[in-house]
Amino acid sequence: MIRYGQQHITQADIDAVVTALKSLNLTQGPYIAQFEQSVLAACGAKHAIAVNSATSALHIACLALDLGPGDWLWTTPNTFVASANCALYCGAQVDFVDIDPRTYNLCPHKLEEKLIIAKNLGKLPKIVVPVHLAGQPCDMAAIHALGQKYGFKIIEDASHAIGGQYKGKPIGNSQYSDITVFSFHPVKIITTAEGGMALTNNDNLAVRLGLLRSHGITRDASLMTQDMDGPWYYQQVALGYNYRMTDIQAALGVSQMTRLHEYVTRRHEIADQYNQSLAGLPITLPWQHADSYSAYHLYVIRLQLDKVKRSHLEVFEALRAKDIIINLHYIPVHTQPYYQRMGFKQGDYPEAERYYQEAISIPMHPMLTQDEQDYVVCSLREAVTS
Ligand SMILES: *Cc1c(COP(=O)(O)O)cnc(C)c1O
């Protein structure tokens, strides 16, 4: 069975986890800070807050930016539901901006058109969440410029994108955003089983994210409203959650981070090979912007349905019948029943919907062997040409 994505666990990873298990702290120990430092070293932001998932990171990122009832958060429909749900957790409302048909990322031109309308209606968003689909960064300079002009904050959902670059600098440096979020779910670039992280260059946001991660409780005297009663003392100064990552997970993360560069390099080799061997087939290959060095979390092809005899579903089934577990990223969020109940409907975001009719994520992960990749290429060729 060949899967579209898969983790890679080495003996060094296992040893790191065992060491953490045998240590005094299974949670809230030294590996958390070490993991945060290793991600900062790779990504170049000032602060990192490790949490138990990217979903949690998105939630506390919204809270740290004061999203609440009466506010709007805008994101792309072509994402995992978590990028939008984070607004609803805060009692805010969600709206979407359609995708660029080349990158499949949130389109900055459509964003500006929508901002002009929203400004006239007095309904400008407080936060925009661009998602770096498949690991290819969004047009962050354009989105950031619009943020300056229309006064919204930016959370980069970089769940797919650790190890990638934008304009030659690492994704996560948050140069064009307030907060960047990573996911360490097993299918992502590196894993902690479950896990996420929020990165920021803003000192105040870092303090707030740190509080929100753990009940709003602090042991830092400078954040307290009165003197400490004694060494046991802590204060709850905000309403936070238990979104902490364990030390066992962080130890795995530290070990995985040592191979980040290797993983992304290997993903590029696989992508280059797909680009060559799939050229000429009736499929659209993933177009890459010149500013982008993708982390290649996914390799997404689009079927040119007017030239392929089979339907999208039939191509899916043909490959799955050959034990190639392909997938589709993503079902447009606004077409989910939960979102339809809010008034969104089919037809609202035609580019994202058209993409959904044609897209397939084919196997892309560092464990993929040459033989497996050849088998995927052969099977796909047969499925789209016969
Ligand atoms: C995986 C993913 C998430 C959620 O990540 P978790 O760590 O599983 O919570 C959010 N957004 C995007 C774009 C993702 O791919």
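Order of appearance sets the numbers: ligands from 1, and atoms from 1 within every ligand. Quantities reported herein were computed from a predicted structural model and do not represent experimental measurements.
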Number the atoms of ligand 1 from 1 as they appear, then name those within less than 4.0 Å of a heavy atom of [X], with their elements.
| X | value |
| --- | --- |
| Tyr330 | 14 (C), 15 (O) |
| Gly195 | 7 (O) |
| Ala54 | 4 (C), 5 (O), 6 (P), 7 (O), 9 (O) |
| Thr79 | 13 (C) |
| Val131 | 13 (C) |

Non-hydrogen atom of [X] closer than 4.0 Å to ligand 1:
| X | answer |
| --- | --- |
| His297 | no |
| Ser83 | yes |
| Ser56 | no |

Could you find the nearest protein heavy atom to [atom] and give me its residue, atom name and distance?
| atom | value |
| --- | --- |
| atom 2 (C) of ligand 1 | Lys188 NZ, 2.6 Å |
| atom 9 (O) of ligand 1 | Thr55 OG1, 2.5 Å |
| atom 11 (N) of ligand 1 | Asp157 OD2, 2.7 Å |
| atom 15 (O) of ligand 1 | His160 NE2, 2.7 Å |
| atom 10 (C) of ligand 1 | Ser159 OG, 3.5 Å |

Describe, in one word, how the ring planes of His8 and Tyr263 are oriented to each other, choosing from parallel (under 30°), tilted (30 to 60°) and perpendicular (over 60°).
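Rings of His8 and Tyr263: perpendicular, over 60°.
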
For Tyr339 and Phe344, take the angle between the two ring planes, folded into 0 to 90°, and tell me which bin it lands in: parallel under 30, tilted 30 to 60, perpendicular over 60.
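Plane angle between 30° and 60°, so tilted.
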
Counting N and O atoms only, with roles assigned by atom type, does the side chain of Thr335 sit under 3.5 Å from a partner on the main chain of Pro332, one being a donor and the other an acceptor?
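Yes, Thr335 side chain to Pro332 backbone: donor-acceptor pair under 3.5 Å.
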
Mark yes or no for whether Gln28, through its side chain, and Thr246, through its backbone, hold a donor-acceptor pair below 3.5 Å.
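No, the answer is negative, given that no donor and acceptor are paired below the 3.5 Å cut-off.
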
Result block: side-chain N/O donor-acceptor pairs under 3.5 angstrom for residues 45-65, not counting sequence neighbours:
{"from": "Lys46", "atom 1": "NZ", "to": "Asp203", "atom 2": "OD1", "distance (Å)": "2.8"}
{"from": "Lys46", "atom 1": "NZ", "to": "Asp203", "atom 2": "OD2", "distance (Å)": "3.3"}
{"from": "His47", "atom 1": "NE2", "to": "Asp203", "atom 2": "OD1", "distance (Å)": "2.8"}
{"from": "Asn52", "atom 1": "OD1", "to": "Ser56", "atom 2": "OG", "distance (Å)": "2.6"}
{"from": "Ser53", "atom 1": "OG", "to": "Thr55", "atom 2": "N", "distance (Å)": "3.3"}
{"from": "Ser53", "atom 1": "OG", "to": "Ser56", "atom 2": "N", "distance (Å)": "2.9"}
{"from": "Ser53", "atom 1": "OG", "to": "Ser56", "atom 2": "OG", "distance (Å)": "3.1"}
{"from": "His59", "atom 1": "ND1", "to": "Tyr243", "atom 2": "OH", "distance (Å)": "2.8"}

Can you see whether Trp74 has Lys114 sitting over its ring - NZ or CZ less than 6.0 Å from the centre and within 45° of the normal?
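Yes, a cation-pi geometry holds between Lys114 and Trp74.
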
Ser183-ligand 1 polar pair, N/O distance under 3.5 Å:
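Yes - when backbone and side-chain N and O of Ser183 are compared with those of ligand 1, one distance drops under 3.5 Å.
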
Partners of Tyr299 by ring pair (Phe, Tyr, Trp, His ring centres under 6.0 Å), sequence neighbours excluded?
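Per chain and number, Tyr299 pairs via ring pair (Phe, Tyr, Trp, His ring centres under 6.0 Å) with Tyr274.
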
Show the nearest heavy-atom pair for residues Glu156 and Thr180, with the distance to one decimal.
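Scanning both residues completely, I find the closest heavy atoms to be OE2-OG1, 3.2 Å.
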
Compute the ring centroids of Tyr166 and Tyr176, then answer whether they are less than 6.0 Å apart.
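Aromatic pair counts; centres sit under 6.0 Å.
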
